[in-house]
Amino acid sequence: MCAAAIACRGLVKRYPPDVIAVAGIDLEVRQGECFGMLGPNGAGKTTTIEIIQGLLQPDAGEVEVLGLGWKRHEADLRQRLGTQLQETKLPDKLSVEEAVRLFRSFYRDGNEVADVLRMVQLEEKRRAWVGKLSGGQRQRLAVACALVSDPDILFLDEPTTGLDPQSRRQLWGIIADFRRRGRTVLLTTHYMEEAERLCDRVAIVDYGRIIALGSPPELIATLGAEHVVEFALESGSAPDDGQLAALPGVEHVTHDDGKHRLTVGWVHETVPALMKLIDRHGAALSELTTHHATLEDVFLSLTGRHLRDE
Amino acid sequence: MNRRRLSSIRQLTLWRIREFTREPEALFWVFAFPIMLAFALGLAFTSRGPEVVRIAVEQVDGGGQALVTALNGTERVEAVLLDSAEAEYRLRTGRVALVVTPGDPIRLRYDSTRTESDVARLVVGDALQESAGRRDVVEIRDVKVMEPGARYIDFLIPGLIGLNIMGTGMWGIGFGIVKARNDKLLKRLLASPMRRSDFMLSFMLARLFFLGFEVTAVLLFGHLAFDVPVRGSLLAVAAIVVLGAMTFSGLGLLVASRARTIEGVSGLMNLVMVPMWILSGVFFAYSHFPEAMQPFVRALPLTALNDALRSVVLDGAPLLASAGLLALLAGWGGVSFAVALRVFRWR
């Protein structure tokens with residue numbers, strides 16, 4: 001039973017002439033876990049998840065899903081997976097119920113249409129045309145079409161991109177429920193909050209490679225400290241990095257857009273010392289913030305870039 | 001075929017039907033448009049009495065009025081007296097079929113490639129000779145017939161049915177597929193265990209569903225408004241239109257098999273359909289085209305469909321008489337379908 005739900009080795013996908021979307025990805029998703037691929041747009045997440053779902057042919061590498069290969073067991077596998085793809089527009093002119101019933105008809109076994117609509121909280125909308133739904137409702141419908149087969153593995157490609165916070169939380173609830181029933185989820189996202197809230201393990205993906213792998217707390221622990229202090233100066237000369245690194249509790253010093261970032265163990269030790277240091281330099285603060293370290297900080301420390309280029 | 005596949009085919013077909021019936025504009029083009037076309041063309045070509053030919057008499061040195069009077073004395077000519085420039089202008093723009101220049105000899109100017117002008121030449125020639133005193137040597141008696149089945153509208157109705165089958169088959173299927181491809185729905189379906197052939201089949205079944213209404217609407221309209229007969233068996237008509245619809249579904253599938261955009265598929269559709277609009281004998285008999293083109297024209301699927309329909313509807317021929325035409329249709333359909341399945345782009 002501990003067999004991996006998904007295993008892939010050495011995945012490579014090139015788009016001629018010179019784009020390498022996936023540059024050698026090894027991945028193992030365990031049964032019953034929610035696994036996230038976190039990375040910026042264009043990191044190769046969608047290509048990877050589509051290769052795993054047998055929708056794209058890799059140029060190199062192997063994929064096994066539920067212990068089966070795509071070549072020989074495609075029909076069988078399709079019965080056991082549920083998927084939501086990026087950018088799919090479900091039929092505008094069908095009602096919510098009709099769309100779900102359409103997808104239900106493809107599967108041998110699965111959930112009742114009414115049950116699935118209840119799971120995604122679209123019962124009152126069941127007679128509304130798909131074209132009239134809001135973004136969040138549409139996305140929940142896409143997940144309903146994925147859940148209708150009562151799948152062993154649920155694939156979600158950027159399920160909450162472009163949604164408002166409330167719709168996002170609603171979807172998180174649906175995914176968490178599915179995971180609680182012991183099923184496996186593989187999702188891609190570029191929201192670090194989504195990865196932290198939902199995923200048992202996260203692979204951070206950049207330029208077609210996995211650059212870090214682990215549970216969110218593990219990944220954050222690699223920073224060596226759990227808090228981040230950011231400040232910017234209005235006037236006066238800045239203390240140099242050596243002085244900042246010497247402050248109590250500071251593990252790491254970086255600069256970003258004119259801001260100084262300190263990764264620190266204990267905010268209450270560092271901040272008073274930092275204030276004194278700035279005072280001695282005769283400088284004035286224009287900004288000072290602190291937060292718990294996140295996966296965003298992990299990505300930043302690994303690549304020097306933000307997950308989202310805003 | 002097990003129950004799940006039947007239910008899946010049923011749901012896919014229902015999807016197609018709903019997509020269409022919930023789009024009022026599409027309903028207009030499929031049902032109202034051919035009827036309006038039949039009505040307009042039927043009125044234009046059948047309700048007109050004996051044709052009156054408009055001609056001009058050129059005013060030369062104040063003369064000509066006598067000729068106008070003489071010509072207007074005959075039934076079929078309507079003559080007007082005009083100065084040379086105006087007469088020339090109207091001849092060039094087709095508002096008169098012929099220009100008479102008084103004198104000795106009387107000169108008749110006309111374009112002999114225009115049917116109307118040719119008729120005018122005969123009528124005016126006769127009228128001029130008669131008014132100058134020619135007497136007929138043999139008596140001729142006219143017996144006029146006006147029988148349903150031999151009029152333009154009778155020719156037109158089967159042609160419009162053929163045209164409609166081609167149009168709805170190609171557009172209905174082409175747009176549906178390209179839209180689904182554009183919306184990434186094809187890819188989503190590919191990720192499900194849906195059978196690809198069931199998907200194609202659902203388009204065909206939905207076509208059959210609408211076909212009955214389309215054909216009945218036009219035939220019934222022809223019958224009620226213009227008394228167009230159906231001389232052969234309705235069953236034979238049904239067999240032909242079903243085969244025709246399948247054939248053009250196959251062609252529609254082929255045309256849409258690779259296109260990524262609505263614009264792209266529209267261009268291809270027109271490329272395929274416009275030649276058949278003109279060549280396949282919808283609005284006029286294809287025998288008008290030069291002999292050298294005939295084999296090509298006859299090889300077109302719409303030509304075969306129209307010929308088979310006319311043979312059953314107008315001549316009352318049995319289905320078997322059109323066996324060759326039907327084989328040609330089936331060939332077009334089968335080959336298009338097979339090629340479409342091979343080259344079809346799902347993403």
Side-chain angles (χ1 to χ4, degrees), chain A residues 46-47 49-57 65 70 73-95 97-110 113 129-132 138 141-143 145-149 151 153-157, chain B residues 1-27 30 172-173 175-203 205-206 209-210 260-262 344-347:
Chain A
T46 296
T47 308
I49 200 171
E50 288 189 357
I51 289 174
I52 294 172
Q53 291 183 81
L55 294 172
L56 278 179
Q57 276 300 321
V65 180
W70 278 109
H73 300 98
E74 172 157 5
D76 210 25
L77 276 175
R78 296 254 175 258
Q79 287 287 345
R80 296 173 62 185
L81 307 179
T83 186
Q84 167 263 321
L85 300 176
Q86 226 184 114
E87 298 180 333
T88 303
K89 275 184 68 197
L90 292 162
D92 278 355
K93 294 283 184 328
L94 291 188
S95 72
E97 196 175 33
E98 287 162 354
V100 177
R101 198 176 300 132
L102 173 67
F103 279 92
R104 175 67 187 86
S105 74
F106 304 145
Y107 297 90
R108 266 198 305 269
D109 311 302
V113 172
W129 283 11
V130 174
K132 307 260 184 236
R138 255 176 233 229
L141 175 62
V143 173
C145 293
L147 289 177
V148 81
S149 60
I153 306 178
L154 180 61
F155 292 91
L156 303 167
D157 193 4
Chain B
M1 203 180 288
N2 59 32
R3 263 182 59 205
R4 181 174 53 82
R5 266 196 76 195
L6 280 179
S7 129
S8 152
I9 291 169
R10 192 176 146 231
Q11 290 299 330
L12 284 165
T13 309
L14 276 174
W15 170 24
R16 303 270 39 108
I17 291 173
R18 283 166 176 150
E19 193 114 307
F20 189 77
T21 52
R22 289 170 188 182
E23 188 87 69
E25 288 160 51
L27 287 176
V30 169
I173 292 200
F175 271 5
I177 284 181
V178 173
K179 186 172 183 303
R181 184 178 292 129
N182 231 355
D183 289 349
K184 309 272 195 263
L185 246 177
L186 287 186
K187 188 164 153 187
R188 176 64 187 83
L189 291 172
L190 204 62
S192 81
M194 179 198 76
R195 277 170 172 256
R196 298 173 194 199
S197 50
D198 290 354
F199 180 71
M200 309 268 177
L201 190 64
S202 72
F203 276 84
L205 291 175
F209 175 81
F210 289 112
R260 284 183 198 276
T261 60
I262 295 290
F344 200 84
R345 192 202 297 272
W346 283 89
R347 57 192 70 245

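We name chains A, B, ... by the order of the sequence lines, and we start the count at 1 in each one. What's counted below: heavy atoms across the whole structure, side chains too, no hydrogens, waters or symmetry copies.
- A salt bridge links A/Glu98 with B/Arg22: the distance from a Lys NZ or Arg NE/NH1/NH2 to an Asp or Glu carboxylate oxygen falls below 4.0 Å.
- Taken to the nearest 0.5 Å, the CD atom of A/Glu87 stands 7.5 Å off from the NZ atom of B/Lys187.
- Side-chain atoms of B/Arg4 do not come within 3.5 Å of backbone N or O of A/Ser105 as any donor-acceptor pair.
- For the residue pair A/Asp92 and B/Lys179, the shortest heavy atom distance occurs at OD2-NZ, 4.3 Å.
- Looking at A/Arg104, there are no atoms closer than 4.5 Å to chain B (heavy atoms on both sides), in backbone or side chain.
- By the 4.5 Å heavy-atom criterion applied to side chains, B/Leu189 and A/Phe106 are counted as neighbours.
- Residue contact with chain B, scored on non-hydrogen atoms closer than 4.5 Å, is absent for A/Phe155.
- B/Arg18 has its side chain out of reach of A/Pro91: every pair of non-hydrogen atoms, C-beta onward, lies at least 4.5 Å apart.
- In this structure, the separation between NZ on A/Lys93 and CD on B/Glu23 is 4.0 Å, given to the nearest 0.5 Å.
- A/Thr88 OG1 to B/Leu185 CG: the interatomic distance, rounded to the nearest 0.5 Å, is 6.5 Å.
- Here the straight-line distance linking atom CG of B/Leu190 with atom CD of A/Gln53 works out to 10.5 Å at 0.5 Å rounding.
- Here the CG atom belonging to A/Leu81 is positioned 11.0 Å from the OG atom belonging to B/Ser192, to the nearest 0.5 angstrom.
- Two residues are said to be in side-chain contact when any heavy atoms from C-beta on lie closer than 4.5 Å; B/Arg188 and A/Thr83 meet this criterion.
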